[in-house]
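See below for the structure under consideration.
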Amino acid sequence: MNVRRAGNRSFEPYAVGPAAASAPRVADMFGVGPQRLFSDAEEGIVYQPGFIPADIAARWFEALRTGIRWESQRRPMYDRVVDVPRLTASWWLDDPALPEALAEAAALLRPALGHPFNAVGLNFYRDGRDSVALHNDKLHSLVPGHPIALLSLGSQRRMTIRAKPPARHVQRIDLAPGSLLVMSHASQHTHEHGVAKTTEAVGERISLAFRVRPSTR
DNA sequence: GTCTCCCAATTCAA
DNA sequence: CTTGAATTGGGAGA
């Protein structure tokens with residue numbers, strides 16, 4: 001069996017390149033507020049750039065990219081085994097070993113959104129080859145009525161949001177560092193979301209997905 | 001145990 | 001050029 005290894009994917013100390021040295025964001029220059037992408041009986045789907053100050057977002061990004069144990073998964077694909085195209089990690093928020101950056105983010109998000117987030121899942125997109133297919137969050141792993149809060153750190157990546165059939169209306173939204181995307185629990189019934197691969201030169205991105213999960217303990 | 005659904009990369013068609 | 005469908009197989013959950 002032909003097995004492609006992950007070894008050729010570099011994971012070097014973060015180099016501040018042209019993308020990181022970025023021009024001011026439109027949100028910063030013009031005070032763009034929350035952008036509603038979809039409405040439902042709950043929060044719908046709302047994108048809010050500049051939710052976290054840039055310096056704090058940068059600090060969290062660096063602390064997480066180097067400070068936690070990222071997991072690499074593999075799965076069969078036809079006659080070979082391939083890497084899941086991203087790195088992952090997750091915590092219950094009451095874990096004594098919760099990284100400080102995640103504790104800070106949770107402490108900020110819980111009162112700001114008014115939802116009792118108790119878990120966080122992280123995805124590390126190393127470059128444009130990393131991705132996640134269109135999907136919706138597993139409803140059995142969420143408590144109804146509470147949204148998913150997706151905090152973006154590092155490089156900007158483009159998210160695709162697609163309504164489920166028959167509408168299949170597609171929206172694309174660039175998730176800037178420090179931005180927050182809130183997706184209602186209800187929207188997981190009606191929409192899929194994903195991050196497509198891109199041939200554009202993009203740097204590393206980390207997403208933090210805060211959820212209210214049914215406690216298994 | 002059995003069934004259904006998901007999702008990984010590539011190829012092909014529109 | 002972009003987008004979506006189809007494809008196999010192992011794992012997870014009901």
Side-chain angles (χ1 to χ4, degrees), chain A residues 1-11 19 35 37-38 40 45 47 65 68-93 95 117-150 152 154-176 181 183-217:
Chain A
M1 178 175 293
N2 178 17
V3 174
R4 196 183 75 169
R5 299 293 312 195
N8 61 343
R9 302 298 290 274
S10 68
F11 185 38
Q35 177 183 353
L37 304 176
F38 169 72
D40 58 26
I45 301 178
Y47 175 68
R65 77 174 290 285
I68 68 180
R69 189 167 58 83
W70 290 100
E71 296 175 11
S72 179
Q73 298 172 290
R74 325 194 67 209
R75 63 158 65 231
M77 179 69 182
Y78 292 97
D79 60 341
R80 38 182 195 152
V81 174
V82 300
D83 299 317
V84 169
R86 61 190 172 280
L87 304 178
T88 59
S90 63
W91 277 272
W92 290 98
L93 294 180
D95 187 333
F117 298 113
N118 61 6
V120 62
L122 290 76
N123 281 317
F124 190 151
Y125 301 89
R126 293 159 290 187
D127 56 36
R129 292 172 294 178
D130 276 349
S131 63
V132 65
L134 280 169
H135 68 284
N136 59 262
D137 282 32
K138 297 287 179 289
L139 296 164
H140 62 78
S141 67
L142 299 171
V143 175
H146 298 297
I148 300 150
L150 190 72
S152 293
S155 292
Q156 176 171 286
R157 286 296 294 268
R158 181 160 295 175
M159 169 166 280
T160 304
I161 297 172
R162 186 176 74 178
K164 294 191 181 185
R168 294 211 159 186
H169 175 60
V170 173
Q171 299 183 74
R172 291 187 175 79
I173 182 80
D174 289 326
L175 301 178
L181 185 74
M183 297 184 285
S184 71
H185 180 272
S187 74
Q188 300 308 298
H189 290 284
T190 58
H191 289 71
E192 298 175 299
H193 56 278
V195 177
K197 297 181 195 305
T198 177
T199 56
E200 295 174 31
V202 295
E204 298 170 340
R205 167 175 181 261
I206 292 172
S207 69
L208 315 182
F210 290 88
R211 300 182 175 90
V212 181
R213 305 191 60 176
S215 180
T216 58
R217 297 164 295 176

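Chain naming here is simple, since letters A, B, ... match the order of the sequence lines and numbering starts at 1 in each.
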Exercise. Identify, with sequence neighbours excluded, every residue that meets side chain to side chain donor-acceptor pair (under 3.5 Å) alongside A/Lys164.
Key: A/Asn136
Quiz prompt | Distance below 4.0 Å between A/Arg168 side-chain N/O and C/dA5 OP1 or OP2 | solution = yes
Quiz item: If only side-chain N and O atoms of A/Lys197 are considered, is one of them under 4.0 Å from the OP1 or OP2 phosphate oxygen of B/dA8?
Solution: no
Write out a two-atom table: protein N or O, nucleotide N or O from nucleotides 1-3 of chain C, distance below 3.5 Å.
unit_1	atom_1	unit_2	atom_2	d
C/dT3	OP1	A/Arg172	NH2	3.4

Quiz item: With sequence neighbours excluded, what pairs up with A/Ser141 under the side chain to side chain donor-acceptor pair (under 3.5 Å) test?
Solution: none
Using a cut-off of under 3.5 Å, enumerate the N/O to N/O pairs linking the protein to nucleotides 6-13 of chain C.
unit_1	atom_1	unit_2	atom_2	d
C/dT7	N1	A/Tyr78	OH	2.8
C/dT7	O2	A/Tyr78	OH	2.1

Practice problem: Determine which pairs satisfy salt bridge (Lys or Arg N to Asp or Glu O under 4.0 Å) with at least one residue from residues 184-194 of chain A, sequence neighbours left out, and list them in order. | Solution: A/Arg162-A/Glu192
Practice problem: Using side chain to side chain contact (heavy atoms under 4.5 Å, CB included) as the criterion, list what pairs up with A/Thr88, not counting sequence neighbours. | Solution: A/Glu71, A/Gln73, A/Arg86, A/Asn123
Quiz item: With no hydrogens and no angle check, is any side-chain donor or acceptor of A/Ser131 less than 3.5 Å from a backbone partner on A/Lys197?
Solution: no
Quiz item: Under the side chain to side chain contact (heavy atoms under 4.5 Å, CB included) test, which residues partner A/Asp40, sequence neighbours left out?
Solution: A/Phe38, A/Glu42, A/Ser184, A/Ala186, A/Ser187
Quiz item: Which residues satisfy the side chain to side chain donor-acceptor pair (under 3.5 Å) test with A/His185, sequence neighbours excluded?
Solution: none
Quiz prompt | A/Pro85, nearest nucleotide to its side chain (from B/dA8, B/dT10, B/dC6) | solution = B/dA8
Quiz prompt | Candidates B/dA9, B/dC6, B/dA8 - which lies nearest the side chain of A/Ala133 | solution = B/dA8
Quiz item: Starting at CZ of A/Arg80 and ending at C1' of B/dT11, how long is that distance when rounded to a whole Å?
Solution: 12 Å
Quiz item: A/Asn123 CG to B/dC7 C1': how many Å, rounded?
Solution: 14 Å
Quiz item: With sugar-phosphate meaning primed atoms plus P, OP1 and OP2, does A/Leu139 contact a base, only sugar-phosphate, or nothing at under 4.0 Å between heavy atoms?
Solution: nothing
Quiz item: Excluding sequence neighbours, so at least two apart, what forms side chain to side chain donor-acceptor pair (under 3.5 Å) with A/His193?
Solution: A/His135, A/Asp137
Quiz prompt | Value in whole Å for how far the P atom of B/dC6 lies from NZ of A/Lys138 | solution = 6 Å
Quiz item: Considering residues at least two apart in sequence or located in another chain, which fulfil the side chain to side chain contact (heavy atoms under 4.5 Å, CB included) criterion with A/Ser152?
Solution: A/Leu175, A/Ser179, A/Arg205
Exercise. Would you mind reading off the distance between A/Asp137 atom CG and B/dC6 atom P, rounded to a whole angstrom?
Key: 13 Å
Quiz item: Under the 3.5 angstrom rule, does the side chain of A/Arg157 hit a backbone N or O of A/Asp127 as a donor-acceptor pair?
Solution: yes
Quiz item: Angle, rounded to 10°, between the helical axes spanning five pairs at each terminus of the helix from B/dT2-C/dA14 to B/dA14-C/dT2?
Solution: 30°
Quiz item: Taking only residues two or more places apart in sequence or in another chain, which ones pass salt bridge (Lys or Arg N to Asp or Glu O under 4.0 Å) with A/Arg213?
Solution: none
